[in-house]
Amino acid sequence: MSPRRRRRNSDEELLVAFGVLVVVALALVKVGQWVWAHWWILVVLGFLALLLLAGWIYRQVDQMRSARLRVEGLTYSLGQLDAMHHSAFETAVRDLLARDGSRDALRCGGRGDLGADVKGHDPLGRYWSVNCTNSGARSVRGPFTAEAVRTRTLDRGIR
């Protein structure tokens, strides 16, 4: 491609870009004039946005309140715990840890968990690592047990 043809292409691209810029500027001026003439629509839209925000905040607060009430009233009988699937038992232990004040109770059981099925900090800041074990139905301890180990040092990065 010759330098002259390349310059012509760049000049054409520059003219097209300038034309697009002029069209966008004219459209913005028209939109601005319409908004200036119909200012009350912006007030109504702002009011609707405030109503939506208030509704969203109310819903979030209500969800937090109902979750807190659900956790506060959480109790299980031994029969209920024995009848649970292992993942439901780990979730129940997590919920009980949260009920007792842990804000960061987490169910993390699975392969490679290094024995920590549920972990969290108590209200005093102490770290708890809970190992939930299926001991079998004929065990003296029952089908499921939860062994809680409070640790001061975090071995192998469990946190």
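Being a predicted model, the structure only gives us computed values, none of them experimental. Numbering of residues begins at 1 and proceeds along the displayed sequence.
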If you take all heavy atoms of [X] and [Y], which pair is closest and at what distance?
{"X": "Ala98", "Y": "Ala105", "value": "N-CB, 4.1 Å"}
{"X": "Tyr127", "Y": "Lys119", "value": "OH-CD, 3.2 Å"}
{"X": "Asp117", "Y": "Cys132", "value": "OD2-N, 2.7 Å"}
{"X": "Cys108", "Y": "Ala116", "value": "SG-O, 3.1 Å"}
{"X": "Arg107", "Y": "Thr91", "value": "CD-OG1, 3.4 Å"}

Say whether [X] and [Y] are linked into one hydrophobic cluster, either directly or through other cluster members, by side-chain heavy-atom distances under 4.5 angstrom.
{"X": "Trp36", "Y": "Leu28", "result": "no"}
{"X": "Leu45", "Y": "Val35", "result": "yes"}
{"X": "Leu48", "Y": "Trp40", "result": "yes"}
{"X": "Val31", "Y": "Ile41", "result": "yes"}
{"X": "Val23", "Y": "Val20", "result": "no"}

Reported [atom1]-to-[atom2] distance for the pair [X] and [Y], which is rounded to 0.5 angstrom:
{"X": "Trp128", "Y": "Asp104", "atom1": "CH2", "atom2": "CG", "value": "13.5 Å"}
{"X": "Glu90", "Y": "Asn131", "atom1": "CD", "atom2": "CG", "value": "8.5 Å"}
{"X": "Thr75", "Y": "Arg99", "atom1": "OG1", "atom2": "CZ", "value": "7.5 Å"}
{"X": "Leu106", "Y": "His121", "atom1": "CG", "atom2": "NE2", "value": "11.5 Å"}

### Query
Who are the side chain to side chain donor-acceptor pair (under 3.5 Å) partners of Asp100, not counting sequence neighbours?
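If we apply the side chain to side chain donor-acceptor pair (under 3.5 Å) test to Asp100, skipping adjacent residues, there are no hits.
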### Query
Does some side-chain heavy atom of Leu97 sit less than 4.5 Å from a side-chain heavy atom of Val118?
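A side-chain contact under 4.5 Å exists here.
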### Message
Run the salt bridge (Lys or Arg N to Asp or Glu O under 4.0 Å) test against Arg65 and tell me which residues pass, sequence neighbours left out.
### Response
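Scan of Arg65 (salt bridge (Lys or Arg N to Asp or Glu O under 4.0 Å), adjacent residues dropped) gives Asp62.
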### Query
Other hydrophobic cluster members with Phe18, side-chain heavy atoms of Ile/Leu/Val/Met/Phe/Trp/Tyr under 4.5 Å, chained?
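When side chains under 4.5 Å apart are linked, the cluster holding Phe18 also contains Val22, Leu26.
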### Leu21 atom CG, over 12 foreign heavy atoms within 6.0 Å
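For Leu21, atom CG is crowded (more than 12 foreign heavy atoms under 6.0 Å).
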